[in-house]
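Working notes, beginning with the structure itself.
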Amino acid sequence: MNYLITGATGHLGGQIFKELIKLVPSTAVTAGVHTVSKAKHIAETGASVAAIDFMEEETLVQAFTDKDVLIYIPSKSHSSFSRVSELENVIQAAQKAKVGHILAMGFIADQANNPFDLSAFYGYLPRRLASSGIPYTIVKNALYADPLVPYLPELVERQNVIYPMKDQALSFISLADSSKAFAKVAATKSLLINGKIYTLTQERNYTMPQLAEVLSNVSHAQIGYQPVSLKEFTELYNQGNEGHMLASMYDAGGKGLLNEISSDYQLIMGHPATSLFDFLTKEYQK
């Protein structure tokens, strides 16, 4: 089996690559990257490196040729339109290259009534793959727990979680757990089922008072819950013009659209995902 991972120098793609070469020979893996100079550490493992540009279909066709499994990690764009355009190029290139199977990253914010800025893309993804004629599997992530680690000192200072979530809950998964499950699915024929959608979450979700309690226990500081408005949240975290996108995600959360719980991680890995408390405790102490 020959594999190609897009975004292999990014956060998720990079970790999937590290996990995948524990399960299959590195020589069977190609890293599709935008900047080859950033992938020297990948080439040193014995894996191949291919320069790809999501907006240049020919680079995709060349990289995808003779690949049995294409692990598609979308680029970090804040626009559903640009991601859909990217996906169209990926699918058309995969069709021309006769890719055997697409394993794609999804997200739980994919409902038809979800106000998250990128929900249109995540809702489009399974429908478009279903019409592509290429066997596909999707692994949907809950919210990443990882950003809570660098955010925790600010919450300690504020003494409150401020997400505009009302009384609704959020579910989480760590990047490490997500990458392990992705690699396991990619490398295991019995899990790489056409049309199958896996959802990766921890065993429980958290209302904001419950999240504040976990964060208090991890940081040994008193953290409560005092939500700001969606407008205030947008203005507070608008670095890189990300404010609206972030606020739209918590708008979705406040509507009860980000609280899904699934046993799929257990199904894939044979054990539960790392709990939020255990993950944060380990990472916060580093």
Side-chain angles (χ1 to χ4, degrees), residues 7 10-12 54 73-87 105-125 140-175 178 200-202 205-216 218-219 221-260 276 279-280 283-284:
H11 292 300
L12 179 60
F54 282 129
I73 310 300
S75 63
K76 194 181 177 183
S77 164
H78 299 159
S79 158
S80 276
F81 180 81
S82 64
R83 286 205 188 186
V84 166
S85 302
E86 168 188 301
L87 175 62
M105 185 200 86
F107 184 48
I108 59 173
D110 58 0
Q111 304 94 334
N113 63 332
N114 195 302
F116 178 45
D117 282 357
L118 292 173
S119 70
F121 166 74
Y122 287 114
Y124 183 79
L125 176 71
K140 295 199 303 185
N141 285 314
L143 275 77
Y144 290 135
D146 302 66
L148 288 170
V149 178
Y151 189 35
L152 191 45
E154 179 182 331
L155 297 178
V156 170
E157 186 176 340
R158 288 183 179 276
Q159 299 183 324
N160 282 299
V161 171
I162 63 170
Y163 297 142
M165 281 283 302
K166 303 174 185 172
D167 60 350
Q168 297 298 310
L170 296 175
S171 64
F172 295 94
I173 191 74
S174 71
L175 202 60
S178 174
L200 304 181
T201 74
Q202 295 167 355
N205 56 27
Y206 296 84
T207 63
M208 295 307 94
Q210 291 169 338
L211 177 61
E213 183 179 0
V214 171
L215 296 173
S216 297
V218 170
S219 63
Q222 189 57 45
I223 299 174
Y225 178 45
Q226 193 65 48
V228 298
S229 68
L230 288 166
K231 183 174 183 295
E232 288 174 295
F233 196 87
T234 300
E235 293 168 352
L236 277 170
Y237 300 107
N238 201 35
Q239 298 87 348
N241 293 318
E242 290 187 346
H244 186 273
M245 182 191 70
L246 292 171
S248 72
M249 186 168 69
Y250 294 111
D251 186 14
K255 291 177 166 60
L257 299 173
L258 297 178
N259 61 6
E260 186 174 353
L276 187 62
F279 169 77
L280 292 175
E283 296 301 318
Y284 191 59

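Distance check, rounded to the nearest 0.5 Å: CD of Q202 to CG of L143 gives 10.5 Å. Note that the CD1 atom of I223 and the CD1 atom of I162 stand 12.0 Å from one another [nearest 0.5 Å]. The CE atom of M249 sits 9.5 Å away from the CE atom of M165 when rounded to the nearest 0.5 Å. Here the CG atom belonging to L118 is positioned 11.5 Å from the NZ atom belonging to K76, to the nearest 0.5 angstrom. Here CD of Q168 is found 9.5 Å from CE of M208. Values are rounded to the nearest 0.5 Å. Distance check, rounded to the nearest 0.5 Å: CG of N205 to CD of Q210 gives 7.5 Å.
Contact record, S80 with S119: OG-N, 4.2 Å, taken as the closest heavy-atom pair. For the residue pair A169 and N259, the shortest heavy atom distance occurs at O-CB, 3.3 Å. Across L257 and N113, no two heavy atoms sit closer than the pair CD1-O, 3.8 Å. Closest heavy-atom contact between P164 and S229: CB-C, 4.2 Å. In plain terms, the two heavy atoms of A109 and Y122 that are nearest each other are O-CB, 4.1 Å. Taking both residues in full, the closest heavy atoms of T201 and S171 are given as CG2-OG, 4.1 Å, listed atom of the first, atom of the second, then distance.
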Give the C-alpha distance, both sets of side-chain angles, the deciding distance and a yes or no for side-chain contact (heavy atoms from CB on, under 4.5 Å) between K140 and E260. CA-CA 11 Å; K140 295 199 303 185; E260 186 174 353; 4.1 Å; yes
Apply side-chain contact (heavy atoms from CB on, under 4.5 Å) to residues Y284 and L152 and explain how you reach the verdict. CA-CA 8 Å; Y284 191 59; L152 191 45; 3.7 Å; yes
Could you walk me through whether E283 and D146 pass the side-chain contact (heavy atoms from CB on, under 4.5 Å) test, one step at a time? CA-CA 8 Å; E283 296 301 318; D146 302 66; 5.9 Å; no
Check the pair F172 / F279 against ring pair (Phe, Tyr, Trp, His ring centres under 6.0 Å), numbers first and verdict last. CA-CA 11 Å; F172 295 94; F279 169 77; 9.6 Å; no
Evaluate the side-chain contact (heavy atoms from CB on, under 4.5 Å) criterion for residues D110 and L125: first the C-alpha distance (whole Å), next the side-chain angles of each, then the deciding distance (0.1 Å), finally the verdict. CA-CA 9 Å; D110 58 0; L125 176 71; over 6 Å; no
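Every residue meeting the ring pair (Phe, Tyr, Trp, His ring centres under 6.0 Å) condition with Y250, not counting sequence neighbours, appears here in chain and number order: Y163, F233. For E235, the salt bridge (Lys or Arg N to Asp or Glu O under 4.0 Å) partners at least two apart in sequence or on another chain are K231. With sequence neighbours excluded, the residues forming a side chain to side chain contact (heavy atoms under 4.5 Å, CB included) with S77 are S75, S79, S82, R83, listed by chain and number. Scanning for side chain to side chain contact (heavy atoms under 4.5 Å, CB included) contacts around V214 gives Y206, V218, L276, F277, L280, with sequence neighbours left out. Among residues two or more places apart in sequence or in another chain, the side chain to side chain contact (heavy atoms under 4.5 Å, CB included) test is passed with L12 by I16, I73, M105, N141, Y144, L175, S178, S179, F182.
By the 6.0 Å contact criterion, CD on E242 is enclosed, its count of non-hydrogen atoms from other residues, nucleotides or ligands being greater than 12. Surrounding CD of E154 are more than 12 heavy atoms belonging to other residues, nucleotides or ligands, all under 6.0 Å away.
Relative orientation of the Y237 and Y151 rings is perpendicular, given thresholds of 30° and 60° on the angle between their planes.
Within the structure, no pair that satisfies the salt bridge (charged side-chain N to carboxylate O under 4.0 Å, His left out) test touches residues 114-123, not counting sequence neighbours.
With contacts defined as side-chain heavy-atom distances shorter than 4.5 Å, the pair D167/T207 does not qualify.
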